[in-house]
Amino acid sequence: AASVSDEEEPLIRQVVGGGDDNELELNAEHHFASFVQRFGKSYRDADEHAYRLSVFKANLRRARRHQLLDPSAEHGVTKFSDLTPAEFRRTYLGLRTSRRAFLRELGGSAHEAPVLPTDG
Amino acid sequence: LPDDFDWRDHGAVGPVKNQGSCGSCWSFSASGALEGANYLATGKMDVLSEQQMVDCDHECDSSEPDSCDAGCNGGLMTNAFSYLLKSGGLESEKDYPYTGRDGACKFDKSKIVASVQNFSVVSVDEDQIAANLVKHGPLAIGINAAYMQTYIGGVSCPYICGRHLDHGVLLVGYGASGFAPIRLKDKAYWIIKNSWGENWGEHGYYKICRGSNVRNKCGVDSMVSTVTAIHTSKE
């Protein structure tokens, strides 16, 4: 195994298989060690490490659910796998609007795009 | 409309960027759209600054005064286009580099390299979205990012996905046939540029299925905006 920097193409794709929860639990620590090395993660202390491992395990289960619900894509371990969904939303997402407001704008705004021809 | 179209093949898409631990996706979506529009107006790919919007843009939605651009705490692409119309435009990434933190505004009007001529919101219609993409360049869009935390590759086409939009990205193209093994057929898809670095997804890109008969596209067609640019030459 080799560590890779943030800018490099990962050498190994960690994906989730179709095994049961016990199998996932057994392999989780190995996957987590590989994840920590691959993405150069470091944690404050042993407690933080243990907490992130528990989050990572939950995300492995979540990735497996996503794989079942979204079979045409590949889901698995990403650089966000040690974040809870709430942490992920708070840190990496930032669209501040409601779709209702956008549709209101679409309904009568000077900024509504003219209809373009789409045939020929 | 062509069956397949990808602005990356035509030079209108800049490099994949990384927003870091900062909720500034909206500024990357807006800058990506203006980079493409500016390329169409000038024939030159100027990589534009997101940090200028993070630091200086506090524009609010006219219909929802609580929806204001707020740097790493989030924003909205159409607010950003309004700000760019008022401020005059964007500096280059080189002149106003990204830090991934909220900071004091250091905008220098003399360093503007791209300016907005106009912007529009596009109706919730796949053909109109494709037509606006081909005519005006990459489009700023909103998406529900629920599946993106675990996404590695392929065409995402979830059976269930919310339409609540929480992430700003850039629509750069579409394809007619991405193979979906489980459905044993080719699926049409949108090509989306994200701002989480090249080591996320397919070299920084996400594919999501398209088609009027496809449900659960994570709201990808419900908040689409297009921008046109005017050429700004340095004195």
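To find a chain, count down the sequence lines: A is the first, B the second, and so on, and within it residues start at 1.
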Subject >> side-chain contact (heavy atoms from CB on, under 4.5 Å) between A/Y92 and B/S21, worked out >> reply: CA-CA 6 Å; A/Y92 293 98; B/S21 303; 3.3 Å; yes
Original post:
Does atom CZ of B/R101 have more than 12 heavy-atom neighbours from other groups under 6.0 Å away?
Top reply: no
**OP:** Could you tell me which portion of B/N132 (side chain, backbone, both or neither) has an atom closer than 4.5 angstrom to a non-hydrogen atom of chain A?
**Re:** both
Subject >> Test item: A/R96 and B/N73 side chains (from C-beta on) under 4.5 Å apart, heavy atoms >> reply: yes
**OP:** Give, for atom CG of A/L69 and atom SG of B/C157, the distance between the pair rounded to the nearest 0.5 Å.
**Re:** 12.0 Å
**OP:** Name the member of B/G154, B/G204, B/G75, B/C25 that forms the most heavy-atom pairs with chain A at distances under 4.5 Å.
**Re:** B/G75
**OP:** Please check if the side chain of B/D166 supplies one atom and the backbone of A/L93 the other of a donor-acceptor pair under 3.5 Å.
**Re:** no
Subject >> Nearest heavy-atom neighbours spanning A/P71 and B/Y159 >> reply: CG-OH, 3.5 Å
Original post:
Between atom CD of A/E112 and atom OG of B/S120, what is the distance when rounded to the nearest 0.5 Å?
Top reply: 9.0 Å
**OP:** Take A/L95 and B/L76 through the test side-chain contact (heavy atoms from CB on, under 4.5 Å) and record every step on the way to the result.
**Re:** CA-CA 6 Å; A/L95 196 62; B/L76 177 61; 4.2 Å; yes
Original post:
Does B/W196 offer a backbone N or O that forms a donor-acceptor pair with the side chain of A/K79 under 3.5 Å?
Top reply: yes
Original post:
Where on B/Q19 is there a heavy atom nearer than 4.5 Å to chain A: the side chain, the backbone, both, or neither?
Top reply: side chain
Subject >> Contacting region of B/K135 [heavy-atom separation from chain A under 4.5 Å] >> reply: side chain
Original post:
Using non-hydrogen atoms only, which part of B/A130 is less than 4.5 Å away from chain A: side chain, backbone, both, or neither?
Top reply: neither
**OP:** Measure the spacing between CD of A/Q67 and OH of B/Y147 and express it to the nearest 0.5 Å.
**Re:** 11.0 Å
**OP:** Check each atom of A/L68 against the heavy atoms of chain B and say whether the ones under 4.5 Å are side chain, backbone, both or neither.
**Re:** backbone
Original post:
Measuring from B/H167:NE2 to A/R89:CZ, what's the distance to the nearest 0.5 Å?
Top reply: 13.5 Å
Original post:
Between B/C72 and chain A, which part of the residue has a heavy atom less than 4.5 Å away: side chain, backbone, both or neither?
Top reply: neither
Original post:
Do the non-hydrogen side-chain atoms of B/Q128 and A/V115 ever get within less than 4.5 Å of each other?
Top reply: yes
Original post:
Which atoms of B/S24 come close to chain A, meaning under 4.5 Å heavy atom to heavy atom: side chain ones, backbone ones, both, or neither?
Top reply: neither
Original post:
Do B/M148 and A/T78 come close enough that some side-chain heavy atom pair is under 4.5 Å?
Top reply: no
Original post:
Is there a side-chain contact between B/Q149 and A/H66, using heavy atoms and a 4.5 Å cut-off?
Top reply: no
Original post:
Considering all heavy atoms of both residues, which atom of B/W26 and which atom of A/G94 are nearest to each other, and what is their separation?
Top reply: CD1-O, 3.5 Å
Original post:
OH/B/Y189 to OG/A/S72 distance, rounded to the nearest 0.5 angstrom?
Top reply: 12.5 Å
Subject >> Worked check of ring pair (Phe, Tyr, Trp, His ring centres under 6.0 Å) between B/W200 and A/F39 >> reply: CA-CA 11 Å; B/W200 175 87; A/F39 293 108; over 10 Å; no
Original post:
Is it the side chain or the backbone of B/C22 that comes within 4.5 Å of chain A heavy atoms, both, or neither?
Top reply: backbone
Original post:
For the atom pair NE2 (B/H136) and CG (A/L116), what is the distance rounded to the nearest 0.5 Å?
Top reply: 5.5 Å
